[in-house]
Amino acid sequence: MNFKWAAILAAVCIPPVAAASAPECAQSPGRVIKVCISVQDGRATFEVSRLSRPVLAQSNLGLEFRGEHEPHYSAITSVNRSSSDTSWEQPWGEERMIRDRHTEMVVKLKGDTPFTQSVEVTFRVFDEGLGFRYRYENIPAGREVAVSADRTSFHTLGDYVAWWYQALGQERDEYLYTHTDARRITLAETPLTLKGSNGLYLSFHEAALIDFPSMLLEGDGVGTLSSWLMPWPDGVLARKTGPFTTPWRTVLMTDSAGALADSRMELNLNEPNKLGSVSWFKPGKFVGVWWEMHVNKSTWESGPKHGANTRNVERYMDFAAKYGFDGVLAEGWNLGWDGDWTANGDKFSFTKSVPDFDMDAVVAYGKRLGVQLIGHNETAGAVPNYEAQLGDALRMYEKHGVTIDKTGYVRHSGDIIDEKGEREWFAGQYMVRHNLHVAEVAAAHHIAIDAHEPVKDTGLRRTWPNMISREGARGQEYNAWGIPTNPPEHTVIIPFTRMLGGPMDFTPGIFDIAHGQQDVTRRVQSTVATQLAEYVVLYSPIEMAADLPENYEARLDAFQFIRDVPTDWETSKTLQGDIGDFIVVARLQRGGKDWFLGALTNENARKLTQPLSFLNPGKHYEAQIYSDGPGADYRTNPLPLSIEHFAVTQKDTLEIDMAPGGGTAIRFKCLD
């Protein structure tokens, strides 16, 4: 710049405009996705194209810190590029072998504040999407800093619709999705899934959420989504010690809904297994004292209707042993459930039983039958009380051979009470730290965690494979409460939204669809065939047969599919589907030869043609088909079920005929 003009600009307090840096770009291995980062007018931005078509226009990068002004960036100071094509094995999962094929670009940005003088941004670009994260390497070791803003944004181009719900509601992530123009998004939870008028599917999320607040996305009404982090009570977003690295911000970009569901990018952006062998955890199925409380047959609290009494739990263990189930969940076994437990979580004991539950006797009874007790720790959001007892509680479980613990945090989303008595968000940095702490302590005692009311899943099961399943969405219990219950479209939305983050403990398998209710919106809105298909479609390494034992023994023909279906898979494929309409998923049993298929539809009847090309070539199968029977309809006649057997091979095609709110479940039993 001319010295004269620089002097004049300085005299009137107008900073000189920073010179622009030429964009630095990286492409995915198959040259499908291209990302470019640039610095111009003090902003660091990125833009993304897919197959040469722009998808994201210039979108902002970077964080701000308390005590500093908004940083201005002046240059890209270095760029390093690399590529990787490796495979790794999951100890359990929807896919045994995961391929990690990506290109990487690491750029360093020069900012004008002490903490942003050197900011490293790492992009990993896959053929189905990308992730990026920040490393603030100029913050001195041990220096405490407070993040005051996250300027990360995603500027979408074109017309999109979205499946979302308003974030920060009191029931955390347990809401039905709305389907609107994406420009109507105000503040949404992730994974946030969009579909473009051009047929492109996008899903925004994050990976490896460790010691950082959960990211929501705030819409501006015209297509830009900006990061919104759940804050601490004093407004600070994150407290960190330098230097530090953030979680990955992720974007999936595919030309089908099924490709979203089948992406393993989320897992690939997490670190490898830190625990070594987790052979003490076995994927499987369980029953339990659970649904009977939801339908008011018994209670969590002590008294004449108390559900988790010794004899009743042993009755469930008898049932589990008879029909080949691995475990029995008993909710309400411990002290603290009497009265308004949601307001008095600090009264829970996690080591002391109610008088009518004998832990030693129950565990010994189950051991004789080959059935283990599944632990349950409801905290009501009283985190300090749980953490004070955590070591003792998990040591007690370990002593009794318990290898799975279901945790719960039933508390309104901004009402988690911390050690100072202050209110925390359910997925702010405080709870992110707590959830990981529980998993780490549990791992030391060879216990796996099934978290309910959790921080959302971001693929941490790769790094800590004892984080086996989570809730984090509206599950089956809402079908007992009638407020209203989940409509049929719910289970054909969540595979493409919530479950892009990871496994969900949905608890399928209700056969008594009405459970005494007449109004369809106060009972399970599905057919029996739907309940079977959910075991294949809604993945979790642990699956509950959620209904009462007597309801299964009244329908042993349908119950056979639940007994047969595995929960650990060699490979999984979403064969067909569109968000909110229908889905067809096929999975191959890990270490076995049998394939299983699940298909679900929304409130509309649907006929689909499904080629069986996914079956192994040269093999012969018996297709054991559980489908909606004559006249089946979730609104008026949900119980009819047809069971047929056919001989099929890879060369055949099946017609899938689903009733309104219906489904189809198939076991392809290999005969060779």
Problem - Check: Asn377 side chain, Thr407 main-chain N or O, donor-acceptor pair, under 3.5 Å - result: no
Handout entry: Pairs meeting criterion salt bridge (Lys or Arg N to Asp or Glu O under 4.0 Å) with involvement of residues 613-637, two or more places apart
Key = Asp633-Arg635
Exercise for the section: Check the side chains of Glu477 and Thr507 for a donor-acceptor pair under 3.5 angstrom, ignoring hydrogens and angles. Expected result: no
Exercise for the section: Determine whether Leu597 and Ile656 make a side-chain contact, defined as any pair of heavy atoms from C-beta on separated by less than 4.5 Å. Expected result: yes
Exercise for the section: Could you tell me whether the side chain of Tyr552 and the main chain of Asp547 form a donor-acceptor pair under 3.5 Å? Expected result: yes
Practice task
Tell me, with the steps shown, if Met265 and Leu130 meet side chain to side chain contact (heavy atoms under 4.5 Å, CB included).
Solution key: CA-CA 8 Å; Met265 186 180 80; Leu130 62 94; 5.5 Å; no
Practice task
Determine, stepwise, if the pair Trp92 / Ile468 fulfils side chain to side chain contact (heavy atoms under 4.5 Å, CB included).
Solution key: CA-CA 9 Å; Trp92 52 267; Ile468 55 172; 3.8 Å; yes
Exercise for the section: Would you please say whether a donor-acceptor pair under 3.5 Å links the side chains of Gln531 and Ser526? Expected result: yes
Exercise for the section: State whether a side-chain donor-acceptor pair under 3.5 Å links Gln650 with Tyr621. Expected result: no
Problem - Contacts of Thr609 that satisfy side-chain hydrogen bond (donor to acceptor under 3.5 Å, both in side chains) - sequence neighbours left out - result: Glu655
Handout entry: Phe614 ring center near Trp595 ring center (under 6.0 Å)
Key = yes
Handout entry: Side-chain donor-acceptor contact under 3.5 Å, Asn312 with Glu292
Key = yes
Fill in the blank from the handout: Trp88 meets the side-chain hydrogen bond (donor to acceptor under 3.5 Å, both in side chains) criterion, sequence neighbours left out, with Asn268
Handout entry: Test item: side-chain donor near acceptor, Glu95 and Ser572, under 3.5 Å
Key = no
Exercise for the section: Please tell me if the side chains of Asn435 and Val438 come closer than 4.5 Å, counting only heavy atoms from C-beta onward. Expected result: no
Handout entry: Electrostatic pair Glu570:Arg96 at N-O distance under 4.0 angstrom
Key = yes
Practice task
State yes or no: are the ring centers of Phe325 and Phe286 separated by less than 6.0 Å?
Solution key: no
Problem - Validation row: Thr190, Leu217 side chains within 4.5 angstrom (heavy atoms) - result: yes
Handout entry: Within-4.5 Å side-chain heavy-atom neighbours: Met253 and Glu128
Key = no
Exercise for the section: Take Asn273 and Arg462 through the test side chain to side chain contact (heavy atoms under 4.5 Å, CB included) and record every step on the way to the result. Expected result: CA-CA 6 Å; Asn273 181 355; Arg462 179 184 181 186; 5.9 Å; no
Problem - Test log, rule side-chain hydrogen bond (donor to acceptor under 3.5 Å, both in side chains), inputs Ser277 and Ser279 - result: CA-CA 6 Å; Ser277 172; Ser279 57; 3.2 Å; yes
Practice task
Spell out, as yes or no, whether a donor-acceptor pair under 3.5 Å connects the side chain of Arg523 to the backbone of Gly482.
Solution key: no
Practice task
Measure the OG1-CG distance between Thr527 and Leu641 for me, rounded to the nearest 0.5 Å.
Solution key: 8.0 Å
Handout entry: Counterpart residues, side-chain hydrogen bond (donor to acceptor under 3.5 Å, both in side chains), relative to Glu453 (two or more places apart)
Key = none
Practice task
List the atom of Ile643, the atom of Ala558, and the distance in Å for their closest heavy-atom pair.
Solution key: CD1-N, 4.3 Å
Exercise for the section: Give a yes or no on whether the backbone of Ser203 and the side-chain of Thr193 come within a donor-acceptor separation of less than 3.5 Å. Expected result: no
Practice task
Could you tell me whether the side chain of Ser28 and the main chain of Ile33 form a donor-acceptor pair under 3.5 Å?
Solution key: yes
Handout entry: Glu174-Tyr478 side chain donor-acceptor pair, cut-off 3.5 Å
Key = yes
Problem - Exercise: do Asp505 and Ser540 side chains pair donor with acceptor under 3.5 Å - result: no
Exercise for the section: State whether a side-chain donor-acceptor pair under 3.5 Å links Thr485 with Thr521. Expected result: no
Handout entry: Test item: Tyr634 and Ile513 side chains (from C-beta on) under 4.5 Å apart, heavy atoms
Key = no
Practice task
Would you check if the side chain of Asp127 reaches a backbone N or O of Gly30 as a donor-acceptor pair within less than 3.5 Å?
Solution key: yes
Practice task
Report the residues that fulfil side-chain hydrogen bond (donor to acceptor under 3.5 Å, both in side chains) with Trp164, sequence neighbours left out, ordered by chain and then residue number.
Solution key: Thr180
Exercise for the section: Please name the pair of heavy atoms, one in Leu209 and one in Ser214, separated by the smallest distance, quoted to 0.1 Å. Expected result: CD2-CA, 4.0 Å
Exercise for the section: Check the surroundings of atom CD in Glu550: do more than 12 heavy atoms from other residues, nucleotides or ligands lie under 6.0 Å from it? Expected result: yes
Practice task
In sequence, state the C-alpha distance, the side-chain angles, and the governing distance for Arg667 and Asp594, and then conclude on salt bridge (Lys or Arg N to Asp or Glu O under 4.0 Å).
Solution key: CA-CA 7 Å; Arg667 177 190 184 186; Asp594 293 357; 2.8 Å; yes
Handout entry: Among Glu471, Glu331, Glu378, salt bridge (Lys or Arg N to Asp or Glu O under 4.0 Å) partner for Lys406
Key = Glu331
Practice task
Would you indicate whether the side-chain heavy atoms of Leu654 and Leu612 approach each other to under 4.5 Å?
Solution key: yes
Exercise for the section: Tell me yes or no: between the side chains of Glu266 and Asn270, is some donor less than 3.5 Å from an acceptor? Expected result: no
Problem - Smallest separation among heavy atoms of Ala632 and Ala659, with atom names - result: O-CB, 3.1 Å
Handout entry: Side-chain H-bond candidate by donor/acceptor type, Thr567 with Lys285, under 3.5 Å
Key = no
Problem - Between Tyr201 and Asp578, a side-chain donor and acceptor under 3.5 Å - result: yes
Exercise for the section: Name the orientation class of the two ring planes belonging to His294 and Trp291 (parallel below 30°, tilted from 30 to 60°, perpendicular beyond 60°). Expected result: tilted
Problem - Main-chain N/O of Arg590 paired with Asp568 side-chain donor or acceptor, under 3.5 Å - result: no
Practice task
Using the side chain to side chain contact (heavy atoms under 4.5 Å, CB included) rule, take Phe496 and Ile494 through it: C-alpha gap first, then chi angles, then the decisive distance, then the call.
Solution key: CA-CA 5 Å; Phe496 306 110; Ile494 57 175; over 6 Å; no
Exercise for the section: Could you give me the CA-CA distance, side-chain angles and deciding distance for Gln372 and Thr403, then say whether side-chain hydrogen bond (donor to acceptor under 3.5 Å, both in side chains) is met? Expected result: CA-CA 8 Å; Gln372 73 162 274; Thr403 61; 2.9 Å; yes
Problem - Contact check, side chains of Gln610 and Leu575, non-hydrogen atoms, under 4.5 Å - result: yes
Exercise for the section: Test salt bridge (Lys or Arg N to Asp or Glu O under 4.0 Å) on Arg498 and Glu189 and set out the steps. Expected result: CA-CA 9 Å; Arg498 150 68 183 88; Glu189 182 60 275; over 6 Å; no
Exercise for the section: Taking the side chain as every heavy atom from C-beta outward, state whether Glu94 and Arg264 have any atom pair closer than 4.5 Å. Expected result: yes
Problem - Under 3.5 Å donor-acceptor, Thr601 side chain and Met658 backbone - result: no
Exercise for the section: Verify, without hydrogens or angle tests, whether His515 (side chain) and Asn479 (backbone) share a donor-acceptor contact under 3.5 angstrom. Expected result: yes
Exercise for the section: Quick one: list whatever passes ring-ring contact (aromatic ring centres under 6.0 Å, His included) with Phe426, sequence neighbours left out. Expected result: none
Practice task
Mind telling me whether Phe511 and Phe559 have parallel, tilted or perpendicular rings, with 30° and 60° as the class edges?
Solution key: perpendicular
